[in-house]
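All values below come from the heavy atoms of this structure, side chains included, with hydrogens, waters and symmetry mates left out. Below, read A as the first sequence line, B as the second, and so on, with proteins coming before strands; counting in each chain starts at 1.
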Number of protein chains: 2
Amino acid sequence: MRDFSRSLPMSLLRAREAVMRQFRPSLRQHGLTEQQWRILRALAAIETVEVTELARTAFLLGPSLSRILRDLEARQLIERRTAKTDQRRSMVSISEKGVKLMASVAPSSEAIYAEITRRYGVRKLAELQEMLGELEQSLAGLGASEEAIAEE
Amino acid sequence: MRDFSRSLPMSLLRAREAVMRQFRPSLRQHGLTEQQWRILRALAAIETVEVTELARTAFLLGPSLSRILRDLEARQLIERRTAKTDQRRSMVSISEKGVKLMASVAPSSEAIYAEITRRYGVRKLAELQEMLGELEQSLAGLGASEEAIAEE
DNA sequence: CGCATTCACTTAACATGTTAAGTATCTCCC
DNA sequence: GGGAGATACTTAACATGTTAAGTGAATGCG
């Protein structure tokens, strides 16, 4: 079998870890995890969102998001209210306090991103992201649905 | 701030998830998680290893590895014994049962990898991995050490 | 020698990933 | 209009990620 240290999942994991290692200390100093930061960033760009839509945007599974929103709400970084038209839906938005926290984190976060871009190269970074997007595209629809049909 | 859905960590996360989504069902059918599979693969290529070295190879943190080894040992998929020369070190190796399990998983795993390669393209895949490796390299040594010095 | 330090893990504690099951609400169709 | 099925979450249960602290064994050095 192929040396697994050179497998695609491993390459992706290692690369992502190398990148996240840069950001975590800064986020941690502000009392945020990577996922909490993702959620705040997703909320900052929008008025309010449904939980399901937020899960899609922040690329989190429902259960994870559910827990994190509970905590962020307890810390008053976000606000929720149930939609008027559909009692099942919960509308989420970032709070004033959340906005301020983001403002205090953003500079360092931007600086780190800039340094990564500088080291790797702007053009190369764009190319890498393009290739990652294509990988994702090429695998879209290969997974769950067909298998599910086959198993039934 | 840059649309975070196009940030590098997000691109890497999405790409990796797209890939792993292909493997998880098969592994799950054999009662293995992604990490357990990584450990077995790392062990298959070697006689015995120390835990620390295995952590490096399988790219797992010590505490995660510690737990997983405990479980894999209970399932008799691996074997451990303490090193003669240094009682602190635990030498790990795959068991006969572990080898058999691997043999039963490998074909499907190889088939999935082949399909991914086919869809994305052999040359392109190699290029992507090359670029991921370079990203990792370009960030090596940017993180913990300097910060630690600065904080002291 | 003896003891402080380092080393190789392991435990602990908390946060998230992952799948399955539960709950409340809504929709649609008879 | 009422009940079956779909929808939007939430809870639960188990596994891992992440950091800090703990434990026992080796090492170095005065």
ask   = So which of residues 81-89 of chain B are in contact with DNA chain D, with a heavy-atom cut-off of under 4.0 Å?
value = B:D86, B:Q87, B:R88
ask   = What's the closest nucleotide to the B:R67 side chain, out of C:dT10, C:dT16, D:dT16?
value = D:dT16
query = Where the side chain of A:T33 is defined as all heavy atoms beyond and including C-beta, which of C:dA20, C:dT16, C:dC9 is the nearest nucleotide?
reply = C:dT16
task = Decide, yes or no, whether a salt bridge links A:E127 with A:K124 under the criterion of side-chain N to carboxylate O below 4.0 Å.
result = no
task = Record whether the side chain of A:R24 comes under 3.5 Å of the base of D:dG17 through a donor-acceptor pair of N or O atoms.
result = no
query = Contact class for B:R28 vs. all strands (heavy atom < 4.0 Å): base, sugar-phosphate, or nothing?
reply = sugar-phosphate
key: Where B:I46 and B:A42 come nearest, the two heavy atoms and their spacing   = CG2-O, 3.9 Å
request  = Using modelled atom types only, decide if a donor and an acceptor are shared between the side chain of B:R38 and the backbone of B:A58 within a distance under 3.5 Å.
outcome  = yes
ask   = With nearest nucleotides of DNA chain D determined for B:I68 and B:P63 from heavy-atom distances, which residue corresponds to the more 5′ nucleotide?
value = B:I68
Given DNA chain D, 5'-ward residue of the pair A:E17 and A:L69, judged by closest heavy atom = A:L69
Close approaches to DNA chain C from residues 45-61 of chain A, in residue order (heavy atom, under 4.0 Å) = A:L60, A:L61
inquiry  = Evaluate A:I94 against A:M102 for side chain to side chain contact (heavy atoms under 4.5 Å, CB included), listing each step before the verdict.
reply    = CA-CA 10 Å; A:I94 192 169; A:M102 282 202 70; 3.8 Å; yes
ask   = Does the side chain to side chain contact (heavy atoms under 4.5 Å, CB included) test come out yes or no for A:Y113 and B:L8, once each step is laid out?
value = CA-CA 9 Å; A:Y113 203 92; B:L8 179 57; 3.5 Å; yes
query = Between B:S64 and D:dT16, is there a side-chain N or O to OP1/OP2 distance below 4.0 Å?
reply = no
query = If only side-chain N and O atoms of B:Q35 are considered, is one of them under 4.0 Å from the OP1 or OP2 phosphate oxygen of C:dG17?
reply = no
inquiry  = Is there a salt bridge (charged side-chain N to carboxylate O under 4.0 Å, His left out) between B:E17 and B:R14? Walk through the geometry before answering.
reply    = CA-CA 5 Å; B:E17 177 55 27; B:R14 297 178 68 98; over 6 Å; no
Side-chain H-bond candidate by donor/acceptor type, B:S26 with B:S108, under 3.5 Å = yes
message = Using 0.5 Å steps for rounding, measure from the CG atom of B:L54 to the CG atom of B:L69.
response = 6.0 Å
